Amino acid sequence: MEELLSKHRKEQKDLQGKITQKKKSATKKTRKGVNDECDRMQQELVEKHKIEIAQLNCDPVEGLEDLNLEDDQQTDEEPTEDKTPQKKAPTPEPTPEPVAPSNGKKPNRQKARLARRVAEQEAASAAAAEEAKTQVNYRGNEQEVMDAAFKKLNLKEIEVTPDGHCLYSAIAKQLDDSGLGLRPDPSRMTLQPSTQSRIETVASPQHDGYRAVRAVTADFINDHKEDFEAFMEESIDSYTRKIKLTAEWGGHLELQAIARAYGVEINIVQSDGRMEKIESGDDDVDSLDEAEKAKRVLWLAYYIHSYGLGEHYNALKKQV
């Protein structure tokens, strides 16, 4: 039994490593499918372990526990029509197989089976607890790396609600704080009437400003289809409709559109401490004075492990 449990622990650990790798490499569009696949792999391994333990203990597989194999053997040896309990006759000589009781019930065997299962469950729980001690604390490690990066870059983190709007909310907050506002320069793009209405009806940039930034992002991508279509797995109309009207998470393409639409540079502190820079692609920025340039630099913190929904963006700002 110990050898089998050791094998099970190794298989569980190997599977956990595969699941972790799959989830780390998943994108926002493939995350649901990856999670479903990981759940299926975990369930299959659990069922496999149950069957192997049952076979080792000579127990019936779950769902067939009410069948008594010894009753089946007795049925083959004795006439099927004689089902009346009989008194046990003296056995003149030992036989290779013990004679089963006439009523076919073995309370002691059942108790032994239950006791084994309790012991196996306790052993599995102890093994899981021991394995948990050796597992990597991804959330704690990520936060430690991020805090070190913030300190090095003299940045202060601003928490943003962890939902599908977090990227756009973080951008809206910084655009408002910097004085740039949620309305892009008309020379950069043409706003649709519905987008202008969204900008005008924002009650609080910090709370519903994401609505305006989403609409601006969608309009810019529609106006520059040739720059974005090659990177999409669906039609551009469908893609931009999701940006404007749903809580679909934003990513690299959306950040590029935002940087160009608002003429800003976006610096993203990654979960491993690296920094990614997305530029506006506007040569006119070089002609601005230092104060104006500083206004046009936005900062984001990008998390993978620290929030329950998965990937998340928080806003950052330079400390005075």
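The shown structure was predicted, so the numbers you read here are calculated from the model rather than taken from an experiment. One-based numbering along the sequence shown. The analysis underlying the following values was restricted to heavy atoms, covering all of them including side chains, and did not include hydrogens, waters or symmetry mates.
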Does some side-chain heavy atom of [Y] sit less than 4.5 Å from a side-chain heavy atom of [X]?
X      : Y      : result
Ile266 : Ile171 : yes
Asp176 : Gln206 : no
Glu142 : Tyr303 : yes
Ile221 : Met232 : yes
Ile199 : Val216 : yes
Glu254 : Tyr239 : yes
Phe150 : Val269 : yes
Thr240 : Lys244 : no

Give the intermediate values and the outcome of side chain to side chain contact (heavy atoms under 4.5 Å, CB included) for residues Arg183 and Leu191.
-> CA-CA 9 Å; Arg183 185 186 301 274; Leu191 294 179; 4.2 Å; yes

Under the side chain to side chain donor-acceptor pair (under 3.5 Å) rule, what do Asn267 and Glu265 come out as? Steps first, then yes or no, please.
-> CA-CA 7 Å; Asn267 294 324; Glu265 174 186 298; 3.2 Å; yes

Aromatic plane relationship, Phe220 with Phe228 - under 30° parallel, 30 to 60° tilted, over 60° perpendicular | perpendicular

Hey, quick one: are [X] and [Y] part of the same hydrophobic cluster, counting side-chain heavy atoms closer than 4.5 Å, chains of contacts allowed?
X      : Y      : answer
Met189 : Ile243 : yes
Val297 : Tyr302 : no
Val46  : Ile53  : no
Ile278 : Ile258 : yes
Trp299 : Val264 : no

In plain terms, say whether [X] and [Y] are close enough for a salt bridge, that is, a side-chain N and a carboxylate O under 4.0 Å apart.
X      : Y      : answer
Arg241 : Asp237 : no
Arg296 : Glu292 : yes
Arg40  : Asp36  : no

Taking atom [atom1] of [X] as the centre, report whether more than 12 heavy atoms of other residues, nucleotides or ligands fall under 6.0 Å from it.
X      : atom1 : result
Lys48  : NZ    : yes
Lys318 : NZ    : yes
Lys7   : NZ    : yes
Glu233 : CD    : no
Glu144 : CD    : no

Considering all heavy atoms of both residues, which atom of [X] and which atom of [Y] are nearest to each other, and what is their separation?
X      : Y      : value
Ala212 : Val202 : CB-CG2, 3.9 Å
Ala170 : Leu300 : CB-CD2, 3.5 Å
Ala215 : Arg198 : CB-CD, 3.5 Å
Arg214 : Glu248 : NH2-O, 2.7 Å

Lys173 and Asp177: CA distance, side-chain angles, deciding distance, salt bridge (Lys or Arg N to Asp or Glu O under 4.0 Å) verdict | CA-CA 6 Å; Lys173 166 70 175 169; Asp177 288 348; 3.3 Å; yes

So among Val213, Leu255, Val160, which one has a side chain to side chain contact (heavy atoms under 4.5 Å, CB included) with Leu167?
->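 Of Val213, Leu255, Val160, side chain to side chain contact (heavy atoms under 4.5 Å, CB included) with Leu167 is met by Leu255 alone.
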
Is there a donor-acceptor contact under 3.5 Å linking the side chains of [X] and [Y]?
X      : Y      : result
Tyr307 : Asn314 : yes
Glu200 : Gln196 : no
Thr27  : Thr30  : yes

Before giving the answer on side chain to side chain donor-acceptor pair (under 3.5 Å), spell out for Ser238 and Ser235 the whole-Å C-alpha distance, their side-chain angles and the decisive distance to 0.1 Å.
-> CA-CA 5 Å; Ser238 173; Ser235 70; 4.5 Å; no

For Glu157 and Lys317, what are the C-alpha separation, side-chain angles and deciding distance, and is it a side chain to side chain contact (heavy atoms under 4.5 Å, CB included)?
-> CA-CA 7 Å; Glu157 187 171 25; Lys317 69 175 182 179; over 6 Å; no

How many angstroms lie between OG in Ser306 and NE2 in His312, if you round to the nearest 0.5 Å?
-> 9.5 Å

May I have the step-by-step check of side chain to side chain donor-acceptor pair (under 3.5 Å) for Gln143 and Asp147, ending in yes or no?
-> CA-CA 6 Å; Gln143 192 60 63; Asp147 288 343; 2.9 Å; yes

Going through the checks in order, is the side chain to side chain contact (heavy atoms under 4.5 Å, CB included) test met by Arg211 and Thr201?
-> CA-CA 10 Å; Arg211 295 172 59 251; Thr201 57; 3.9 Å; yes

Trace of the side chain to side chain contact (heavy atoms under 4.5 Å, CB included) decision for Glu276 with His252 = CA-CA 10 Å; Glu276 180 180 4; His252 193 77; 2.8 Å; yes

For the pair His49 and Glu11, evaluate side chain to side chain donor-acceptor pair (under 3.5 Å) and give the outcome as yes or no after the intermediate values.
-> CA-CA 10 Å; His49 287 176; Glu11 289 177 346; 2.7 Å; yes

